[in-house]
Amino acid sequence: MQADFGRFTHAVIRAAPDSLAAQALRSGPAELQVDMEAVRREEEQYVSVLEKTLGLRVVRLEADEELPDCVFVEDPAVVCGNTALITRPGAPSRRKETEALKTALANLDLNIVEMTDESATLDGGDVLFTGREFFVGLSKRTNRRGAEILADTFQDYAVSTVPVLDTLHLKSFCSMAGPGLIAIGSSEAAQKALKTMQQMSDHKYDKLTVPDDLAANCIYMNLPDKGHVLLHCTPEAFPESAKVFEKLKDHMLIPVHNDEKRKVDGCLTCCSVLINKPSKV
Amino acid sequence: MTTEVGSEPEVKKEPEKSSEEAQAEQQQQLAEQPAEPSESEPSAAAEPQPTPTDSTKPDNTDQQENAEAEPSSPPPSSGQKKEKGISRFLPPWLKRQKSHSQVEPKESSSPTDTPNQTLTEKQEEEEKEEEEAEAAEEQVGKAPEEAEKRQEEAGPKEEGEAVSPVVEQPAETKEVKAEVKEEVKAEEVQAENNSVGSVETQPAKEEKEGTSAEKKGEKGGEEVQESSVLSPLKLGKKMKIVVCHVTLLDGTQFPCEVEKRAKGQYLFFKVCEHLNLLEKDYFGLSFKDNADQRCWLDPTKEIKRQIRNSQWQFAFNVKFYPPDPSQLTEDITRYLLCLQLRQDVSSGRLPCSFVTHALLGSYTLQAELGDYDPEEQRLDSIADFQFAPSQTKELEEKVVELHKSHRGMTPAQADVQFLENAKKLSMYGVDLHHAKDSEGVDIMLGVCANGLLIYKDRLRINRFAWPKILKISYKRSNFYIKIRPGEAEQFESTVGFKLPNHRAAKRVWKVCVEHHTFFRLTNPEQPTKSKFLTLGSKFRYSGRTQAQTRQASTLIDRPAPYFERTSSKRISRSLDGAPVISVSDHGHMLDSARTPGSGENGHDPALELSSDSKSKLRVQGENIYVRHSNLMLEDLDKTQEDVLKHQASISELKRSFMEAAPEPRPSQWEKRLTGSPATGLRLQAQGSAEDKLNSEINGQPEVIEVVEETVVIEEVVKAAKPKSSAPEVSVTVASSATEEVPEVKEEEEKSASSDSESEEEAEFHPQSPSDSAHHIQEEPEEEQEQSQKAPPTNAEPQQDAEPETTDKVEAVVNQQKEEDEKTPGEETVVAPEDAPNGHHVQDGEEALTSLGAVAEEEEELEPCVVNGDASHAETERVPQVICCSEPPVVKTEMVTISDTFAAQKTEIATKEVPIVHTETKTITYEAAQLDGTGDGEPGVLMTAQTITSESLCTTTTTHITKTLKGGLSETRIEKRIVITGDSDIDHDQALAQAIKEAKEQHPDMSVTRVVVHKETELAEDDD
C-alpha cells in the first residue's frame, strides 16, 4: 500500500461549464468576477501537465451546464486502489455530478460503490488519504454517516474524522505533499486539524507548513520515470508559500495556475480524480 | 492457624515434622502427599522423598520431569549446600518458596533474615500486584482501592507530583530499585546460603545469582510443571484431575489433563509444548464466561477460579498481535499467527476489502496447498477455504488468480507475505469492546499495541496513545483513563466510558494494562529495567513484554521445528529468516511432505519429547539437536559451523526456552539477557517474587498475627481472612494496655492486600518507562512517609489493609530498613507496610535470614503448622506444601515495625524480638515492645479465660490471661478470628474491621501484634 502511494496512471477531469462563472457555489465574496477565459486557460495547463508532462492518461468528461460545479470532480468520487466510492455530495445542487463520473470510473474497471444512504453526505474534498489511512473532515458538506460509508468501503484503512469548521473542505488547508508528508496551512484551524490528525494516527507524519492555507492544497504523485512530483501553487498567487515548496529538493516541482477557480473554492486537487490502474492486471 | 510460640529451632530442624504437626489439616494432606509426591510438587522435592509417581499424572510427570531435568541442568550454585541441590529438584516456584521457608528453618543458624525478607518482600509485593491485578480482574478489589488510598494518603503531593514531577523522580526510583535489587539478591543469596550459616552479602549474591540462574533455568522447565504443581500442592490430599479441552488455532481439539487446582499457566504451557511453540508470549488461552464473553485465562491464577461455572473449554489464541510479524523468530510462530488471522478475517473480526481478502486468501492457498495446480485445485475445492465472512464466487476466482502468481513461494514465505499484508489492516491487533461515552452514545473501545482507540461505528473518533495516558482505572461498570495534559493545558483530564457491566469494565481495564505493559515497554530507549520498574510499580501483567520476548527469541537456536499445516500436511522446514528454505524440497507439497513427515524419525520424536515433557527435552535435547542439524546440513546446506553453533547454544536454548518456557517470567529472561549480576539478581528476585506470588495466589494460607507485648495488658486479636478460595486469616491483635506507649509492631500482610480480589475498582498507571520510574519513586516515597508516620499509628489495623498499595520497590526499601533496624534490635521504626513485606520475605526465602531470629527467643510460634508445611515443601519437597503457605518452620524475627520507644528499650527488644513463624502468607504486625517487661518476665498467671463467638463468616476466639509481673498486673487478650469465605469476601476489610473492633472493645489497650494467616488453597483442597 505504501509503496504505491502517489502512483497514478489515469486522471479524470471534467470541463468547466459556462455556468460556473455565475452559478458555481462559492464561500467567498460574490463580487469576484470569474473570467471564463482564464478558467479555460488554467484548465488547459492543468491537463497539459497531467497528460504531456506527466504522461497520465486523461479521461475528459463533458461539461454540463446544469451542473455549474461539475469541474470539481474530486467531490463526487473517492478512488482508492481498485475501488471508487461514488459519493453523495453535500450540496444538493451537485448530486447529479456523480452520474457521469460513475460511468467514467466504471469504464476504467473500477469497483463502484455508491453512497445511497440518503442521510449521508460526503465531498471528496473532505477526504485526505495519506497512503496509510483516511482522514475525513466533518464539514458543512460531509457528515458522519458519509464518513462511515467511506470506512465501510475502504475497510483496509483506518478512517478518522476531523472537525472542519472554518473552511469548506478539509483539503482546503491541507493535502499530501509526499509519502508521510502533510502540507498544512498556518491558520489556527489548519494547525488544530493537523494536531487532531496526528493524535488520531498510529503513524508519524512530517508536516510541510505553508503560510497560506489555500496553498497547502497541492497534488503529489510518484511516477515511474519522474519520481516525486508535486503540483503546487504559483509564486504569483502565493509567493511565500511557493518558496516553501521550492525547498523540496527531491520533488519535481510544477507550479500550476489556479487563480480563477479559486474564486469559486476550487483547489488543485478538486479538478481531477487520480487513478492507479496497473496495466498488468 | 497461627501459633505464637517460639519453637523456631524445632521447626528449622524438623521442618517437615513441625509443619505437619502444626497443621493437622495439612497433615492429612501430607499423608496423602507422601503417597503422591508428584502432586506435592516442589514442596515434595524439598523432602527427601524421591518424586514418587502416582496419583495425578500431570503432577507426577512434572515432578519426575523436574527431577530429571534438574539433574541434567547443572545448577549454577552447585557450590551451595544440599538444600540447593534439593531446590534444584524443586520446581522454580517451589524452590523459591522453599528457599524461603525451608532454608530458613534448616539453616536457622544463619542470622540473616533481612535478605530473605527483602526478597520475599519483593516477591510479596509482586504478588500483591499480581493479586491486585487479579482482584481487579476477578473481583476488582481491594488492592486497587488500597493502592488508591495509599496514593491519596501518601498525599496530595504524590498525585500532584506524579503528574508532572513524576519525570524527575524516576531516576531516583530507579536507583533505589537497583539498590534494592542488589540487596535482594544478596538476601536471596543469603537465604540460600543460610545453610552455610553465614550471611554474606556479596558472596551470597554471587551464589544467589548462580542459584537464581539455576532456578531460572530449572524453572523454565520446572516452573511450568511447578506452577501446575503448585496449585496442586495443597492438593496434597486429593488430586482431582480435570480434562481441559483446548481448541487450537487449526481447529483441532487438544485435550489436556490438569489438576483441578492448576493454574492457567500450567495448561498454557502444556498447550505450547504440544504445539512446540517457543515464542509463546504473544499467545494466551481464552474461555467464554457465563455471559459468553471471551476472557483471557490468567496464567497466575487457578483455572477453576477463573472459569467459575463455565466449562473447561478453552481456545488457544493470539493475545498480543506483533506489530511486525517479520520480527518473529520462528516460522511456527508466524504460522500460528497466520491461523489466528485467518480466523479473524473469515469471521469478520478483522475487516478488510475485497482485494485484501483475495490477496490474503491467495497466500493462504499457497501456504496450505503449495503452487497452483490446475488439475488438483478447482473452485469447488477452494470453496472449502473460508476467506471472508461472506465468500463469493468472484472472490474465490480472484483468490485463485492471485494464487497462480505465487508460484515457487514456500509456505513460510507465503505466511510472511500474508502477515505483511494483514498487519497493515487498520484493525489488526485491535481488541474491541462495546461501551458508551459520557453522553450515552454507543462507541467501541479498541485496545491495541499503541494505545486506546475510540470508534463510533467504523470511524475512529479519538485515540489515546499510551504515552498520553497517565492512569487507567475502572470502578463498577465505568472505565476511566486519565489523560496527560497537553501542551496548553494545565491539568490532566479524565475520560470515562460506560461499559455494559462491571465485568466488562474490568476486562477492558485488564486488557489495557496488559497491552500497555506488553507493548509500551518495548521502547528501545528503555531497556528492560523500565519494564521491571513498571512491573514493580503497578503492573499486573505477569508475562514478558514484547521487548523481553524478542530478546528471548534471539536465543532461540533450534532447528526449525517441524509442524504440519492443516490442510496440506506439508512440512515447513524453513529456517528462521531463511533464505535457506529449499524451495525444491519443500516447495512441492506431496513429496516433501511425505519425506519429512514420515521419513524423518527424528522429527517426530523430537516433537513428542518437546511437547510431552520438558525434562525429557532437556535430557534428550542434544540428540535431537544433532539430528536436526544433520538434517539441516543435508537439506539446507547448513555448515558445520551452524551445527557446532547449535550445539553450543543448546544449553542456552534450554535455559531460555525449555526451562524458562514454562514460565515466561521476565526475570529469567532478563537474567539471561543481561550478563550483569545485578540485573540478574533483580530479575531473580522479581522472578522469585512472582513465583511466590503465584504460589500464594494459588491459595496458600496466610497468617497474620499481631502480637503485642505490652507491659501490662495485651490484647491479641486474631482475625482470619480467607482468600477468595477459602483462605483463613487469623489476625491476632494484641493490645497492650501498657501505660507507656507500647511499641506497636504491626506487620501488614502482603497477602492480605493481594488477597483482596474483591475489588470493584482498580487503577493502573500506564506510564512510559521513564514515567513508570516516576511512579515508582512516588510510591516508595509514600511508603516511606507512611512508614515514618506508621510507627506512631502502628497499632492501627488500617495499615494492614493498605499493604497492597506498596510497590515492590517500596517494599524493598522497607526491607532494607527493616534489616537495619533488626540489627539494632528494636529501635527502628518500620512502617507497617514495610513490615509486612519483610515478613513475607521471611516466609519465603527470608526464612533463612530469620534463622537468626530462630536462634533468638521466640515467644510466639505461630501456627506454624501451616508454615511448617510450606517449609516442608522446600526442603523436603513435600508435594502438597509446595505453595505458598508453607513457610517454614523457621521462626523469623519479627522485623516488625517498632516504635521509637522500642529503640530506647533496645535491650529488651533484642531479647524479645518476637520470632514469628512466617508462612508464605503470614503477616505479622507488631507493636514495638516496651517489653522487655512484658515478655521477658513470665509473671504469675492470675486468670485465663477463653471465649468463642461466631458470626457469618468469622469465628472469634478470645483468650484472656491475667498475669502478675513484678507487682503489675498484666492482662493479655488474644483474639483469634477466623474468617472463612470465598473470594467474594473482602478479607482486607474484614481484617481491618476485626482489628478495629478489637481496639474498640478494649480502648485502654493497645494492639501489639497482628498475625494473619491466609490459607487459600487448603480450603480448596478440602473440596
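Proteins come first, then strands; the chains are lettered A, B, ... in the order of their sequence lines, and each starts at number 1. Below, each value reflects all heavy atoms present in this structure, side chains not excepted, and no hydrogens, waters or symmetry copies.
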If the contact rule is any heavy atom under 4.5 Å from chain B, which residues of residues 188-197 of chain A qualify, in numerical order? A:Lys195
Determine which residues belonging to residues 158-176 of chain A lie within contact range of chain B, meaning some heavy atom pair is under 4.5 Å apart, and list them by number or answer 'none'. A:Ala158, A:Val159, A:Ser160, A:Thr161
Largest heavy-atom contact set with chain B, pairs under 4.5 Å, which of A:Gly81, A:Ala151, A:Ala147: A:Ala147
Within 6.0 Å of [atom1] in [X], more than 12 heavy atoms from elsewhere:
X	atom1	answer
B:Lys423	NZ	yes
B:Arg407	CZ	yes
A:Glu118	CD	no

Nearest 0.5 Å, what's the [atom1]-[atom2] distance between [X] and [Y]?
X	Y	atom1	atom2	value
A:Phe154	B:Thr356	CZ	OG1	12.0 Å
B:Phe464	A:Gln199	CZ	CD	6.5 Å
A:Gln155	B:Leu425	CD	CG	10.0 Å
B:Ser426	A:Arg132	OG	CZ	14.0 Å

Select all residues of residues 441-456 of chain B having any heavy atom within less than 4.5 Å of some heavy atom of chain A, and report them by number, or 'none'. B:Asn450, B:Leu453, B:Lys456
Pull out the residues in residues 344-353 of chain B that come under 4.5 Å of chain A, heavy atom to heavy atom, sorted by number. B:Pro351, B:Cys352, B:Ser353
Are A:Thr153 and B:Arg458 side-chain neighbours, meaning at least one heavy-atom pair lies under 4.5 Å? no
Residue pair B:Lys424 / A:Asp156, side-chain heavy-atom distance below 4.5 Å: no
Turns out that what part of A:Glu148 lies under 4.5 Å from chain B's heavy atoms comes down to both
Using non-hydrogen atoms only, which part of A:Thr83 is less than 4.5 Å away from chain B: side chain, backbone, both, or neither? neither
So, for B:Arg463 and A:Gln198, which heavy atoms are closest and what is the spacing to 0.1 Å? NH1-O, 4.2 Å
Test A:Arg145 against B:Asp457 for side-chain contact (heavy atoms from CB on, under 4.5 Å), laying out the working first. CA-CA 9 Å; A:Arg145 182 67 189 133; B:Asp457 296 310; over 6 Å; no
